[in-house]
Amino acid sequence: MTDVYVISGFLGAGKTTLIKTMVRSALRNKKIVVIENDFGEAGIDAGLLKECSLAVTGLSDGCICCSLAGDFEKAMERILKDYAPDAVLVEPSGVGRLSDIIKICLKQEDRGLIHLKKTITVVDIRSFDKYRKNYGEFFEDQIAYADLILLSRQEEDVHEIQPVKAKLRKLNPEARIEADFWESIPASVFRYGPRNSGIFRLEMETAVSMKPVRIRSPREPSGKAGFIRRHFAREVFSSVTIEWKEPITEEPLRKRVLRVVKHAEGEILRGKGIVTDGRRGLVFHYLPGSLSIEPVNIVGNQVCFIGTGLDEQQIRTLFREETT
């Protein structure tokens, strides 16, 4: 039976980097296939994973947990038939709920197709408080249902490691939390360990009924009945994908990205892209307060911005304007 690892984490936490690390260490010499789910139309992370000679199936223009559940199930069945891998690594959209992806995996586990081996969530310590405050419905779900939680960017603010670990422990008392550099974590940590009891509860719920339910809120105004509203990612987040075929060097690319970040309406939570400078590929990653650009061995032609309250036409105009 094929093992499935779900690699969760909010926008820009470092999921793709973790997958590369796991393939080199914990899953070394294993036959691996990755199912990669970008939010929006961009398949940028899928391109970066293919640089590592991994077989990648990309699911885009939506979230597995919202509109792509059927596509995900078909992709999994096709992968098992065509590749017969030792393991499948699922990288859901950064704005997806881990619990919803788990439910889909449990359905296929019940059919004897896969074994849900480990749910892993990556948490960027720099943005923990901000994302929990502003996007708690999505952010906390990814933490609550993890078997293993890995901290990222810990070297940039070592004083926050212990406070963040304490907050994580309140949200998830069961998960193993690792703050070490990922390369130094023993392979056994990724491959073994108890299943989160929350997953067992999801398994029971899935077995009882596959229909969505509305949960009555315990905090309703007196005399009124009501329900907790459950949001989908597309109701809260939006993405803008720009096709860019012209060669562009590092400095003009930097200026264009920063201009979008500075002047765009709404809030940009994540930016990423792969373009060409005429000789090689350039990949950029933007997170609030941080922009990195580095060469890669693949060439792409897409730029993507993800956030809230975005004006698509404005962002396209800002990025395409000539730099001075």
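Here the structure is a predicted model, which means the values were calculated and not measured.
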Fill in: Under the side chain to side chain contact (heavy atoms under 4.5 Å, CB included) test, residues paired with Lys81 that sit two or more places apart
none
Practice prompt. Report the residues that fulfil side chain to side chain donor-acceptor pair (under 3.5 Å) with Arg195, sequence neighbours left out, ordered by chain and then residue number.
Written response: Glu109
Worksheet item: For the residue pair Phe284 and Phe305, does the interplanar ring angle fall in the parallel (under 30°), tilted (30 to 60°) or perpendicular (over 60°) class?
Response: tilted
Worksheet item: Atom SG of Cys105 and atom CG of Leu113: how far apart are they, to the nearest 0.5 Å?
Response: 11.0 Å
Fill in: Residues that Glu156 engages under salt bridge (charged side-chain N to carboxylate O under 4.0 Å, His left out), provided they are two or more places apart
Arg126
Item to complete: Verify the cluster assignment for Leu287 and Phe138: are they in a single hydrophobic cluster under the rule of side-chain heavy atoms below 4.5 Å apart?
Response: no
Discussion item. Checking Ser197 now: which residues fulfil side chain to side chain contact (heavy atoms under 4.5 Å, CB included) with it, not counting sequence neighbours?
Written reply: Glu174, Arg201
Discussion item. With salt bridge (charged side-chain N to carboxylate O under 4.0 Å, His left out) as the rule and sequence neighbours excluded, what pairs involving residues 296-306 come up?
Written reply: none
Worksheet item: What's the verdict on salt bridge (Lys or Arg N to Asp or Glu O under 4.0 Å) for Glu73 and Lys107, showing C-alpha distance, side-chain angles and the deciding distance?
Response: CA-CA 9 Å; Glu73 292 179 357; Lys107 286 174 60 180; 3.0 Å; yes
Worksheet entry | With Arg176 via side chain to side chain contact (heavy atoms under 4.5 Å, CB included) - residues at least two apart | Leu148, Glu178, Val189
Worksheet item: Who pairs with Glu267 by salt bridge (charged side-chain N to carboxylate O under 4.0 Å, His left out), at least two apart in sequence or on another chain?
Response: Lys130
Worksheet item: Do Thr249 and Asp277 have a side chain donor and acceptor closer than 3.5 Å?
Response: no
Worksheet item: Which residue pairs satisfy the ring pair (Phe, Tyr, Trp, His ring centres under 6.0 Å) criterion with at least one member in residues 245-272, sequence neighbours excluded?
Response: none
Worksheet entry | Partner set under salt bridge (charged side-chain N to carboxylate O under 4.0 Å, His left out) for Glu243, not counting sequence neighbours | Lys245
Worksheet item: With distance as the sole test, does Arg256 use its side chain to make a donor-acceptor pair with the main-chain N or O of Glu321 at under 3.5 Å?
Response: yes
Practice prompt. Give me the one residue out of Gln314, Gln313, Glu312 that meets side-chain hydrogen bond (donor to acceptor under 3.5 Å, both in side chains) with Arg316.
Written response: Glu312
Practice prompt. Could you tell me whether the side chains of Thr16 and Glu91 share a donor-acceptor contact shorter than 3.5 Å?
Written response: yes
Discussion item. The criterion is side chain to side chain contact (heavy atoms under 4.5 Å, CB included); which residues satisfy it with Ala175, sequence neighbours excluded?
Written reply: Ile149, Asn172
Discussion item. Among residues at least two apart in sequence or on other chains, which ones pass side chain to side chain donor-acceptor pair (under 3.5 Å) with Asp86?
Written reply: none
Worksheet item: Aromatic rings Phe139 and Phe128: how do their planes relate, parallel, tilted or perpendicular, breaks at 30° and 60°?
Response: perpendicular
Practice prompt. Assess the pair Phe190 and Tyr5: is the distance between their ring centroids shorter than 6.0 Å?
Written response: no
Discussion item. Checking Lys133 now: which residues fulfil salt bridge (charged side-chain N to carboxylate O under 4.0 Å, His left out) with it, not counting sequence neighbours?
Written reply: none
